[in-house]
Amino acid sequence: MDQHPLSALLFPDISAVPADLEGRFPPRALADGARVTRMAPSPTGFMHLGNLYGAIADERLAHQSGGVFYLRIEDTDQKREVEGGVATILNVFGEYGLPFDEGVTSGGDKGAYGPYRQRQRREIYHICAKHLLEAGLAYPCFLTEEELNAMRETQAEQKLDFGCYGAFAKSRDIPAEEVKRRIEAGEQYVVRFRSSGSAENRIKVDDMIRGTLELPENIQDVVILKSDGIPTYHFAHVVDDHFMRTGIVVRGEEWLATLPIHVQLFAAMGWKAPKYLHTAHLMKMDGAAKRKLSKRKDPELALSFYGEEGYPAAAVKEYLMMLLNSNFEDWRLANPALPMEDFPFSAKKMGTSGALFDMAKLDDVSRNVIARMDADEAYELLALWALAHDVAFAAALSKDPAFTKAALAIGRGGKKPRKDITTWRGAKEYLGFFYTPYFAPDFTLPQNVTAEKVAVIFDEYTHLYNETDDADAWFGKLKDIAAAIGYAADMKEYKQSPENYEGNVGDVSMVVRIAVTGRQQSPDLREVMCVLGKAEVLRRLEAAKTAAWQAAPAQ
RNA sequence: GGCCCAAUGGUCAAGAGGUUAAGACACCACCCUUUCACGGUGGAAUCCCGGGUUCGAUUCCCGGUUGGGUCACCA
């Protein structure tokens with residue numbers, strides 16, 4: 001059975017051959033044009049914008065075509081794995097509404113192409129590695145870390161390409177007898193691919209957004225199995241995406257450099273490579289320079305950052321979609337109410353140059369996303385955020401949900417909804433004054449108003465205020481007060497001849513606004529008063545009446 | 001350093017061998033408005049450089065520059 005003298009030594013437990021796996025994982029029975037894509041993160045506990053960016057493309061490509069979107073966990077690097085890393089991944093995708101059809105789930109694996117965690121696929125990789133070994137396309141390598149370092153130094157000195165290739169691949173042709181002796185002596189080894197490539201050759205590879213790439217052929221004898229028998233990314237990618245029958249591999253452009261390795265591995269296994277789509281990196285401005293968002297330096301790369309700041313998941317997703325397909329923005333403008341999934345996503349529309357991640361733009365998208373929600377939805381999400389990030393505020397919000405929803409409903413809906421809330425964190429600033437613990441009035445005299453006038457205004461208004469007044473009656477009372485203290489009741493008139501008046505009805509309402517909301521900007525004052533209720537309004541009016549109003553600081 | 005990718009306003013970008021070079025964010029001004037927000041109108045602002053092909057190049061080709069990526073028993 002074993003044709004290679006080392007086959008039984010290296011893979012004593014393996015009797016199956018790749019052909020057996022072909023039967024175990026047959027090509028998927030899908031309609032023409034249906035795409036199979038995958039998300040294949042490492043369980044490092046860290047999910048970032050780039051992961052989401054690619055995943056949105058994956059999900060759309062699959063589901064828009066009636067295909068399959070699955071989750072594979074790339075846990076081949078045990079050093080980087082963290083406890084709960086998989087749960088983090090699952091949570092993030094749940095939160096962002098990117099449903100997997102297959103793969104790792106919280107309830108175990110789902111689907112016929114698993115296992116979906118790479119460490120559980122050891123046998124599959126070994127079957128394939130054994131096949132390469134027997135075909136003379138792989139060999140055990142005993143080079144130590146020190147030897148590898150020394151090799152690099154030599155290569156640097158001689159200005160040669162780095163790596164294990166040609167004459168540097170010292171373990172290539174160690175006689176089988178010697179290999180056997182060293183392994184039996186307990187020497188550590190890895191399994192390397194035996195590259196047949198030549199530096200002079202160039203290969204052509206198609207990329208779905210970059211077109212045909214012309215790349216140098218791989219000459220490296222890359223490691224395919226590490227000394228612990230776990231595959232490297234290169235080998236796992238090739239084996240998994242073949243047997244999981246992936247149609248399109250969406251990944252970051254950092255993989256462009258190693259594409260020739262993958263192409264060569266597919267060819268060595270006698271398989272057809274999937275289609276590739278290498279996405280551009282998300283960048284950020286660092287001083288005057290543009291650079292890739294970095295895990296270490298940029299907190300805003302982590303998805304958790306957006307959760308903490310209170311950006312709705314839908315907002316981050318919409319913004320990323322705009323970077324993915326810039327025509328999404330126009331589509332959204334034309335279809336404000338449609339779900340994002342109705343947008344005809346196109347791989348061709350994806351850009352190849354790195355986009356700067358623009359917080360200001362995200363803010364705008366987020367404002368719009370939140371403005372489109374109804375009060376109930378806004379309440380649910382806000383309450384959820386507060387519960388996780390600001391317990392005291394959460395308590396205030398949920399003490400009387402109907403009250404909070406009423407506050408949230410002011411200016412919401414209709415053709416021109418207010419866009420005051422950018423993030424749930426920021427909602428506290430906007431909404432805080434509704435709640436006694438956060439009501440911190442700033443009794444600064446507005447323009448045109450003196451402390452004496454303030455006293456008169458409250459003397460009058462506390463008597464005039466009637467919570468059942470309609471908008472006209474409500475404003476009429478402020479006009480009456482304005483007229484009584486020598487202010488213009490009519491704004492047009494005031495604007496025509498301001499010199500005739502000490503102030504105007506706007507100044508009167510400003511005094512009331514400060515009393516009720518504690519500040520000079522607020523949504524519609526009458527509606528705010530309705531939401532607060534008569535008792536609270538009167539309480540605030542009384543407090544303002546007796547407060548020491550300060551003159552505005554000189555500009 | 002080798003190899004690879006990219007380059008249109010401050011940002012995201014559409015775009016075609018001949019256009020007044022879209023649109024969005026941000027910015028400025030004005031209008032609307034009892035404040036703010038919304039909305040409206042207008043404004044400033046872009047084809048990296050040098051060659052070549054062409055009647056004509058921001059667009060195609062070559063070179064350079066700049067930025068980015070990658071050269072692990074990490075992915």
Side-chain angles (χ1 to χ4, degrees), chain A residues 40-42 44 74-80 118 141 143-145 148-149 152 155-156 159-164 188-192 199 207 210 213-216 220 222-234 236-237 251-260 278 280-281 283 285 289-292 319 322-323 326-330 332-333 349 351-365 367 371 410-411 414-421 430 446 475 478-479 482 489 491 494 504-510 512-514 517 519-526:
Chain A
S42 298
T44 58
E74 310 229 324
D75 55 359
T76 54
D77 186 7
Q78 282 177 263
K79 290 187 293 294
R80 297 200 315 162
Q118 291 181 326
C141 170
L143 255 22
T144 62
E145 204 178 323
L148 255 12
N149 287 339
R152 280 179 64 93
Q155 287 164 338
K159 297 192 170 163
L160 296 168
D161 285 343
F162 296 125
C164 191
Q188 291 277 297
Y189 66 93
V190 298
V191 177
R192 284 186 189 270
D207 180 277
R210 291 164 197 272
L213 302 165
E214 206 177 303
L215 305 167
Q220 300 281 341
V222 293
V223 173
I224 58 175
L225 294 181
K226 304 186 229 179
S227 55
D228 57 3
I230 304 271
T232 55
Y233 170 87
H234 308 301
H237 151 55
R251 52 156 50 161
E253 66 175 318
E254 68 271 21
W255 294 108
L256 240 23
T258 45
L259 226 200
H278 291 91
H281 283 147
M283 316 289 278
M285 222 51 200
K290 201 174 166 183
R291 62 167 170 77
K292 182 182 174 184
Y319 176 51
M322 284 173 190
L323 295 183
S326 62
N327 54 323
F328 173 74
E329 193 168 1
D330 288 335
R332 176 48 85 204
L333 245 28
K349 283 270 176 194
T352 51
S353 60
L356 263 194
F357 191 83
D358 184 354
M359 265 319 162
K361 182 81 178 183
L362 204 220
D363 282 350
D364 180 64
V365 173
R367 265 192 294 277
I410 295 173
K415 272 268 173 259
K416 298 184 209 169
R418 296 187 64 93
K419 297 180 183 173
D420 302 283
I421 305 177
Y430 169 67
F475 196 50
L478 293 179
K479 284 182 172 178
M491 284 307 284
Y494 177 76
N504 63 67
V505 63
D507 300 323
V508 176
S509 75
M510 184 55 80
V512 176
R513 183 185 314 281
I514 293 170
T517 70
R519 56 197 195 199
Q520 303 205 9
Q521 294 91 37
S522 81
D524 187 275
L525 186 52
R526 194 187 67 88

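Please read all numbers here as calculations on a predicted model, not as lab measurements. Numbers restart at 1 for each chain; the letters A, B, ... are given by sequence-line order, proteins then strands.
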Query raised in the report: Within the structure shown, what part of the strands sits under 4.0 Å from A/Ser522 by heavy-atom distance: base, sugar-phosphate, or nothing?
Result: base

Query raised in the report: So, the side chain of A/Gln118 versus the backbone of A/His237: is there a donor-acceptor pair under 3.5 Å, distance only?
Result: no

Report task. Would you mind reading off the distance between A/Phe357 atom CZ and B/A26 atom C1', rounded to a whole angstrom? Result -> 15 Å

Query raised in the report: Just by modelled atom types, is the A/Glu74 backbone N or O under 3.5 Å from a matching donor or acceptor in the A/Ser42 side chain?
Result: yes

Report task. Determine the contact category for A/Asp507: base if any of its heavy atoms lies under 4.0 Å from a base atom, sugar-phosphate if only primed atoms, P, OP1 or OP2 are that close, otherwise nothing. Result -> nothing

Requested in this report: Check every atom of B/A24, B/C74, B/A7 against the side chain of A/Leu333 and return the nucleotide holding the closest atom.
Outcome: B/A24

Query raised in the report: When we call it a touch if two heavy atoms are under 4.0 Å apart, what does A/Arg332 touch: a base, just sugar-phosphate, or nothing?
Result: nothing

Query raised in the report: Hey, does A/Thr76 reach any base, or is it just sugar-phosphate, or nothing, if we go heavy atoms under 4.0 Å?
Result: sugar-phosphate

Requested in this report: Nearest 0.5 Å please: distance from the OH atom of A/Tyr319 over to the CD atom of A/Glu329.
Outcome: 9.5 Å

Report task. Nearest-nucleotide wise, let me know which of A/Lys361 and A/Gln521 is further upstream toward the 5' end of RNA chain B. Result -> A/Lys361

Requested in this report: Would you indicate what A/Val223 reaches in the nucleic acid, counting non-hydrogen atoms under 4.0 angstrom: base, sugar-phosphate, or nothing?
Outcome: sugar-phosphate

Query raised in the report: Any donor-acceptor pair under 3.5 Å linking the side chain of A/Gln155 with the backbone of A/Gly163?
Result: yes

Requested in this report: Mind checking A/Gln520 for me? I need base, sugar-phosphate or nothing, with any heavy atom below 4.0 Å counting as a touch.
Outcome: base

Report summary line: Closest of B/G69, B/A14, B/C25 to the A/Ala360 side chain is B/C25

Report summary line: Between A/Tyr319 and A/Trp255, whichever has its closest RNA chain B nucleotide further toward 5' is A/Tyr319

Query - Exceeds 12 heavy-atom contacts within 6.0 angstrom, atom CD of A/Glu145 - result: no

**Report entry** Under 3.5 Å: donor-acceptor pair, side chain of A/Arg526, backbone of A/Phe475
**Finding:** no

Report summary line: In whole angstroms, the gap separating C1' of B/C71 from CG of A/Asn149 amounts to 14 Å

Query raised in the report: Among the nucleotides B/G10, B/G1, B/C73, which one has an atom lying closest to any side-chain atom of A/Phe162?
Result: B/G1

Query - Minimum-distance nucleotide to A/Tyr233 side chain [options: B/A13, B/U34, B/A75] - result: B/A75

Query raised in the report: Within the pair A/Lys79 and B/C73, is there a side-chain N or O less than 4.0 Å away from OP1 or OP2?
Result: no

Report task. Any strand is fair game: report the nucleotide pairing with B/G63 by Watson-Crick or G-U wobble, both distances under 3.5 Å, or none. Result -> B/C49

Query - Candidates B/U34, B/A6, B/C38 - which lies nearest the side chain of A/Ser509 - result: B/U34

Query raised in the report: Just checking A/Arg526: base, sugar-phosphate only, or nothing, at a heavy-atom cut-off of under 4.0 Å?
Result: nothing

Query raised in the report: With a 3.5 Å cut-off and just heavy-atom distances, do the side chain of A/Arg513 and the base of B/C36 make a donor-acceptor pair?
Result: no

Query - Given B/G39, B/A13, B/U34, the nucleotide with the shortest approach to the side chain of A/Ser326 - result: B/A13

Report task. Mind checking A/Lys159 for me? I need base, sugar-phosphate or nothing, with any heavy atom below 4.0 Å counting as a touch. Result -> nothing

Query - For B/C12, the Watson-Crick or wobble partner whose two distances fall under 3.5 Å - result: B/G23

Query raised in the report: B/C73 base to A/Ser227 side chain: any donor-acceptor pair below 3.5 Å?
Result: yes

Query raised in the report: Counting any heavy atom closer than 4.0 Å, what does A/Arg519 reach on the DNA or RNA strands: base, sugar-phosphate only, or nothing?
Result: nothing

Requested in this report: Using a heavy-atom cut-off of under 4.0 Å over every strand shown, decide if A/Phe475 touches base, sugar-phosphate, or nothing.
Outcome: base

